[in-house]
Amino acid sequence: MTEKIAVERKVLSENDKLAAEIRSQLMQRGVVALNFVSSPGSGKTSLLEKTLAALNHELRLGLIAGDVQTENDADRLKRAGGKLVQPIVTGGLCHLDAKMITRVLPEFDLAQLDLLFIENVGNLVCPSSYDLGEDMKVVVLSTTEGDDKPLKYPGMFRRAKVMVINKIDLLGTSDFDLARVKENARRINADLKVFEVSCRTGAGLPAWFDWLRGLVHAPARDLPLTTGA
């Protein structure tokens with residue numbers, strides 16, 4: 001067990017070193033990077049499709065779409081209007097890491113980007129431990145999941161700065177309690193910023209779009225950075 005812990009610490013240490021280099025590159029070019037994490041099926045790709053449709057003509061958007069076996073999500077984002085989309089297929093790994101990001105980052109002209117969205121692999125455990133050089137993690141949760149998810153996966157909700165609750169149009173069709181999930185999340189992370197949206201009806205999305213616009217126009221790097229701890 002001691003040897004396993006030592007190896008994991010070494011892997012994370014090397015990852016964090018690469019992530020710091022990525023963050024430095026993005027900062028120098030003024031690119032804001034968001035790392036989207038969630039369980040499978042929460043609606044990360046749908047949220048990004050709606051974001052592309054709303055902001056593609058006013059902001060310069062780049063996307064990295066991570067998936068275990070396919071490029072389906074990357075293809076969806078291209079069809080939604082994504083001009084700069086890079087897929088990463090992990091081949092079975094349950095998360096993206098900084099080394100994967102360094103391989104695709106040269107495909108972007110960072111001087112021509114405002115926002116870089118990283119769609120991580122659907123998993124609320126492993127992606128929480130890997131810093132990808134992003135400014136912040138955005139955890140997406142849907143109302144078709146349990147409202148106790150923040151308590152079951154505290155590491156992810158502790159390290160995220162933003163929680164997007166998707167599929168609010170389905171409230172009332174299950175026992176999911178909107179107030180309870182927010183209470184549970186803020187027991188883990190009192191500073192968590194919360195958006196309530198429906199990618200199907202469009203409810204709540206304008207506030208999300210406005211917040212993204214604000215990130216781009218914020219004073220240089222006046223953003224809460226992700227912590228790997």
Side-chain angles (χ1 to χ4, degrees), residues 1-40 42 44 62-69 73-74 86-110 113 115-141 149-163 185 187-193 215 218 220-229:
M1 179 63 74
T2 300
E3 182 179 355
K4 180 181 177 183
I5 291 173
V7 169
E8 287 178 349
R9 284 178 176 165
K10 183 179 179 182
V11 169
L12 289 176
S13 174
E14 292 175 355
N15 181 84
D16 290 348
K17 189 182 301 182
L18 283 176
E21 293 172 4
I22 294 168
R23 184 171 291 111
S24 177
Q25 289 184 58
L26 296 173
M27 288 179 67
Q28 289 175 18
R29 297 297 186 180
V31 181
V32 178
L34 304 182
N35 179 5
F36 288 72
V37 292
S38 78
S39 301
S42 66
K44 291 192 303 297
L63 302 102
I64 296 174
D67 209 340
V68 175
Q69 293 294 355
D73 290 351
Q86 286 296 321
I88 296 178
V89 178
T90 66
L93 287 179
C94 57
H95 60 272
L96 299 181
D97 61 31
K99 183 182 289 186
M100 298 174 189
I101 302 300
T102 61
R103 289 174 183 156
V104 300
L105 203 59
E107 300 298 324
F108 296 97
D109 181 355
L110 298 182
L113 280 189
L115 280 167
L116 177 63
F117 298 135
I118 303 171
E119 182 181 0
N120 216 314
V121 175
N123 175 359
L124 279 176
V125 181
C126 306
S128 72
S129 299
Y130 287 82
D131 182 358
L132 304 183
E134 74 272 13
D135 287 288
M136 66 185 81
K137 288 181 172 62
V138 176
V139 60
V140 182
L141 182 71
K149 279 283 181 69
L151 302 181
K152 295 174 72 173
Y153 303 96
M156 182 61 78
F157 288 83
R158 185 178 301 115
R159 290 163 186 147
K161 299 298 180 187
V162 177
M163 175 171 71
R187 285 173 61 185
I188 304 298
N189 182 350
D191 297 324
L192 201 60
K193 185 173 183 60
L215 286 182
R221 313 315 286 182
D222 184 19
L223 299 166
L225 294 178
T226 290
T227 60

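Start at 1 with the first residue, then count along the sequence. It should be emphasised that the depicted structure is a prediction, and the values quoted were computed from it without experimental measurement.
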*For Gln25, check side chain to side chain contact (heavy atoms under 4.5 Å, CB included) against everything at least two apart and list the hits.*
Leu105, Leu110
*Could you tell me whether Asp73 and Lys44 make a salt bridge, using a distance below 4.0 angstrom between a side-chain N and a carboxylate O?*
no
_Closest non-hydrogen atom pair, Ala98 against Ala19_ = CB-N, 3.8 Å
*Identify the heavy atoms of Lys149 and Ser39 that sit nearest to each other, and give their distance.*
NZ-OG, 3.2 Å
*Residue pair Ser128 / Met156: nearest heavy atoms and the distance that separates them*: N-CE, 3.4 Å
*Counterpart residues, side chain to side chain donor-acceptor pair (under 3.5 Å), relative to Thr90 (two or more places apart)*: none
*Looking only at non-hydrogen atoms, find the nearest pair between Asn35 and Tyr130 and report the distance.*
ND2-O, 4.3 Å
*Any idea which heavy atoms bring Arg158 and Ile188 closest together, and the distance?*
N-CG2, 3.7 Å
*asked:* So, using side chain to side chain contact (heavy atoms under 4.5 Å, CB included) as the criterion, who are the partners of Asn123 when residues are at least two apart?
replied: Cys94, Val125, Cys126, Pro127
*Only counting residues at least two apart or in another chain, list the ones meeting ring-ring contact (aromatic ring centres under 6.0 Å, His included) with Phe117.*
Phe36
*asked:* I'd like to know if the side chain of Asp67 and the backbone of Val89 have a donor-acceptor N/O pair within less than 3.5 Å.
replied: no
*Can you name the closest pair of heavy atoms from Asp16 and Asp131 and give their distance?*
OD1-CB, 3.8 Å
*Judged by atom type as modelled, is there a donor-acceptor pair below 3.5 Å linking the side chain of Asn189 to the main-chain atoms of Phe157?*
yes
_Sub-4.5 Å side-chain heavy-atom contact between Leu151 and Arg187_ = yes
*Just jot down the side chain to side chain donor-acceptor pair (under 3.5 Å) partners of Asn15, sequence neighbours excluded, or say none.*
none
*Partners meeting side chain to side chain contact (heavy atoms under 4.5 Å, CB included) with Ala160 (sequence neighbours left out)*: Lys137, Val139, Leu192
